[in-house]
2 protein chains.
Amino acid sequence: MRLTNMFGNIYYICVLIYNMPTQAKENYLKAIYLLSRESIDVSITELSKKMNVSKPTSNNMVKKMEERGWLLYEKYKPIKLTSKGEKLGALIVRKHRLTEMFLSKVMGFGWEEVHDIAEEVEHISSIIFFDRMDKILGFPTLDPHGSPIPDREGEVLKVNYLKLGSIKEGQKVKLRGLENSSKDLLLYLNKKRIKLGTVLLIRHIETFDNSFEVLLEDNATIVLTFDVCQSLLVEEV
Amino acid sequence: MRLTNMFGNIYYICVLIYNMPTQAKENYLKAIYLLSRESIDVSITELSKKMNVSKPTSNNMVKKMEERGWLLYEKYKPIKLTSKGEKLGALIVRKHRLTEMFLSKVMGFGWEEVHDIAEEVEHISSIIFFDRMDKILGFPTLDPHGSPIPDREGEVLKVNYLKLGSIKEGQKVKLRGLENSSKDLLLYLNKKRIKLGTVLLIRHIETFDNSFEVLLEDNATIVLTFDVCQSLLVEEV
DNA sequence: CATATTTGTTAGTCTCATCTAACTTATTAT
DNA sequence: ATAATAAGTTAGATGAGACTAACAAATATG
């Protein structure tokens, strides 16, 4: 973009924004960051799948991001974020999760509604906007799905929850987070009246299909498939 | 973008978003809409200036927008929005002004801070996001600068304020809106403790330079240049 | 080990939004 | 009325982000 001041001098904005990630690059960065955090090796193919683009597209993008100093890549080896890339990625996730929290706590959206909106809001560049959300929310450390919100330096609180699937019969646990926050899972949990903080007592584990019979605080008994149990992160109480 | 489902079927998203305005087109649409509302003839050159782009760029954009059915254009004649373009433009302004209101009333930003953030937020496509803002704000009709917020159909409340510059000596008026909401003007008004609703009594108009000597409710007397007076929209009380 | 499969790369194309240089067509001023 | 100025257009280029088709290289499998 070109700007002209009152004396006719011309300025090119592209110089100023040269090193800022575009919306597309922010999305790639976020994807790589999140996959790395899950200890998944990020290959070109993996990234293509995650981003729903062709392999040449992500290949090309990875090269550009390497030039920017955000990551290191060698053929057939996993993509590794540099500290700069790591921090940038964390700050995008921070914007995303702060937004989700704001949408949930301040604007009254359900935990199944917040992701899609946050996906758009996270690309807003204004820093004061997110700092204000943070302040209004009282500097939260977890988002509505129990995932940690990176701090302003991109540092992430280490949480150590267990998958419900690894809990033994008879134990009592509290839901603390989700391994995957798909809308389908969230709607299913809504229907079962399970939310973060809900206490679950494991009554019985069916050896045939590994399904869990769980007692809720309101004395309702529900059956959860093993798949669902692997998506629920809990803490013993 | 390409999506593949679990059976390997491929879907192309481009078909779905074909007719949605890109962020750039939304900005052109908004600029044309706002200039038209101020009864300014929008020429290719005018639009280039407003958008800080070259003439071929806006020329090219106008042709594309005409193809989309958002406007009508003939060489050397002013650009005219179609009803479709008018509505789209109004809805972008609606998002912008609702956001400004939300930033001001809910998030506590000053009226001089809201514009730049809203400039980014207005491009978010989620409808429920803006509807929720609207609801939380109690369906406001005016933004923090006194400009009307178009309704969901793109209809705008007709307001009929006067420029302070056209008011006679001795009259008492209330500030209702601003002709231009530049940050400089807003900061200047902050310094003078003038905000929407402030009552101003015109003590004296200096014939030499048309400056206004104005008495505020707290009995402070301030002098406003004619230029500033032309930017203040008032109502007699 | 040889072949099949997966992974990654090259080359070339496309659209969008931008630019400059050079040109044409109106409008304005002398 | 003509020259100067302003407005608009054409042509060609660029960079970002996407694609396909075809090929190369590494890994896995029989």
Side-chain angles (χ1 to χ4, degrees), chain A residues 1-4 8 10-32 35 40-68 70-80 123, chain B residues 1-4 8 10-32 35 40-68 70-80 123:
Chain A
M1 187 180 60
R2 194 183 60 178
L3 290 181
T4 312
I10 294 171
Y11 299 89
Y12 287 89
I13 285 289
C14 28
V15 176
L16 303 175
I17 60 172
Y18 181 69
N19 272 312
M20 288 203 68
T22 58
Q23 210 151 305
K25 289 199 179 66
E26 285 193 344
N27 285 332
Y28 284 89
L29 214 38
K30 186 180 59 161
I32 299 169
L35 288 169
I40 296 169
D41 274 358
V42 192
S43 62
I44 296 292
T45 304
E46 190 66 31
L47 188 57
S48 308
K49 281 180 191 152
K50 202 74 186 177
M51 297 297 300
N52 290 308
V53 296
S54 66
K55 287 190 287 170
T57 298
S58 55
N59 188 270
N60 190 49
M61 205 46 132
V62 163
K63 282 174 179 172
K64 282 180 184 171
M65 291 167 77
E66 184 161 33
E67 277 171 29
R68 287 266 216 290
W70 299 340
L71 54 79
L72 297 169
Y73 171 63
E74 283 174 84
K75 275 190 184 191
Y76 299 95
K77 286 192 183 154
I79 295 161
K80 191 86 193 73
H123 299 296
Chain B
M1 187 179 62
R2 196 183 58 181
L3 291 181
T4 312
I10 293 171
Y11 299 90
Y12 287 89
I13 286 287
C14 29
V15 176
L16 303 174
I17 62 171
Y18 182 71
N19 273 312
M20 288 203 66
T22 59
Q23 208 149 309
K25 288 198 180 68
E26 285 195 343
N27 285 331
Y28 284 88
L29 214 40
K30 186 179 59 161
I32 298 168
L35 287 169
I40 295 169
D41 273 358
V42 191
S43 62
I44 296 291
T45 303
E46 190 67 31
L47 187 58
S48 308
K49 282 179 191 154
K50 202 73 186 179
M51 297 298 298
N52 290 309
V53 297
S54 66
K55 287 188 288 169
T57 298
S58 53
N59 187 270
N60 190 48
M61 205 45 131
V62 163
K63 282 173 180 171
K64 283 182 183 169
M65 292 167 77
E66 185 161 31
E67 276 171 30
R68 287 266 216 290
W70 299 340
L71 54 80
L72 298 169
Y73 172 63
E74 285 175 80
K75 274 193 185 188
Y76 299 96
K77 287 192 184 155
I79 295 161
K80 192 82 195 80
H123 299 294

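In what follows, every chain begins at residue 1, and chains take the letters A, B, ... in the order their sequences are listed.
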Testing B:Ile79, B:Val42, B:Thr57, B:Leu72 for side-chain contact (heavy atoms from CB on, under 4.5 Å) with B:Val62, which one passes?
B:Ile79
Can you tell which of D:dA18, C:dT25, C:dT10 lies closest to the side chain of A:Lys63?
C:dT10
Figure out the CG/P separation between A:Leu47 and C:dT7, and round it to whole Å.
14 Å
Are B:Met65 and B:Ile32 side-chain neighbours, meaning at least one heavy-atom pair lies under 4.5 Å?
yes
Rounded to the nearest Å, what distance is computed from the CD atom of residue A:Gln23 to the C1' atom of nucleotide C:dC16?
15 Å
Counting only side-chain heavy atoms from C-beta out, which of D:dG8, D:dA16, C:dC19 sits nearest to A:Lys64?
D:dA16
If each of A:Thr57 and A:Lys75 is mapped to the nucleotide of DNA chain D with the nearest heavy atom, which maps nearer the 5' terminus, i.e. the 5' end?
A:Thr57
Hey, is the side chain of B:Tyr73 poking within less than 4.0 Å of OP1 or OP2 on D:dA7, counting only N and O atoms?
no
Any side-chain N or O of A:Tyr28 below 4.0 angstrom from OP1/OP2 of D:dA18?
yes
Rounded to whole angstrom units, what separation is found between the CD atom of B:Glu74 and the P atom of C:dT25?
17 Å
So does A:Thr22 get a side-chain nitrogen or oxygen closer than 4.0 Å to the phosphate oxygens (OP1/OP2) of D:dA16?
no
Side chain of A:Thr45: nearest nucleotide among D:dT10, C:dG8, C:dA17?
C:dG8
Closest to the side chain of B:Lys25, out of C:dC16, C:dT18, D:dG8, is C:dC16
If you measure from CZ on B:Arg68 to CE on B:Met20, what distance do you get to the nearest 0.5 Å?
10.5 Å
So, does the side chain of B:Tyr76 form a donor-acceptor pair with the base of C:dT25 at under 3.5 Å?
yes
Looking at A:Ser54, does any N or O in its side chain come under 4.0 Å of the phosphate oxygens OP1/OP2 on D:dC19?
yes
How close or far is atom C1' of D:dG15 from atom CD of A:Glu67, stated in whole angstroms?
13 Å
Value in whole Å for how far the P atom of D:dG8 lies from CG of B:Asp41:
11 Å
Close side-chain approach of B:Glu46 to B:Asp41, heavy-atom, < 4.5 Å
no
Go nucleotide by nucleotide along DNA chain D from the 5' end; which of B:Ser43 and A:Pro56 gets its closest nucleotide reached first?
B:Ser43
Tell me the interatomic distance from B:Lys77, atom NZ, to D:dG8, atom C1', rounded to whole angstroms.
15 Å
Answer yes or no: side-chain N or O of A:Lys55 and base N or O of C:dG8 forming a donor-acceptor pair under 3.5 Å.
yes
B:Asn60 atom CG is separated from C:dT20 atom C1', nearest whole Å, by 14 Å
Quick check on A:Lys25: does its NZ atom have over 12 non-hydrogen neighbours (other residues, nucleotides or ligands) under 6.0 Å away?
yes
Report the distance from atom CE of B:Met51 to atom P of C:dC19, rounded to the nearest whole Å.
10 Å
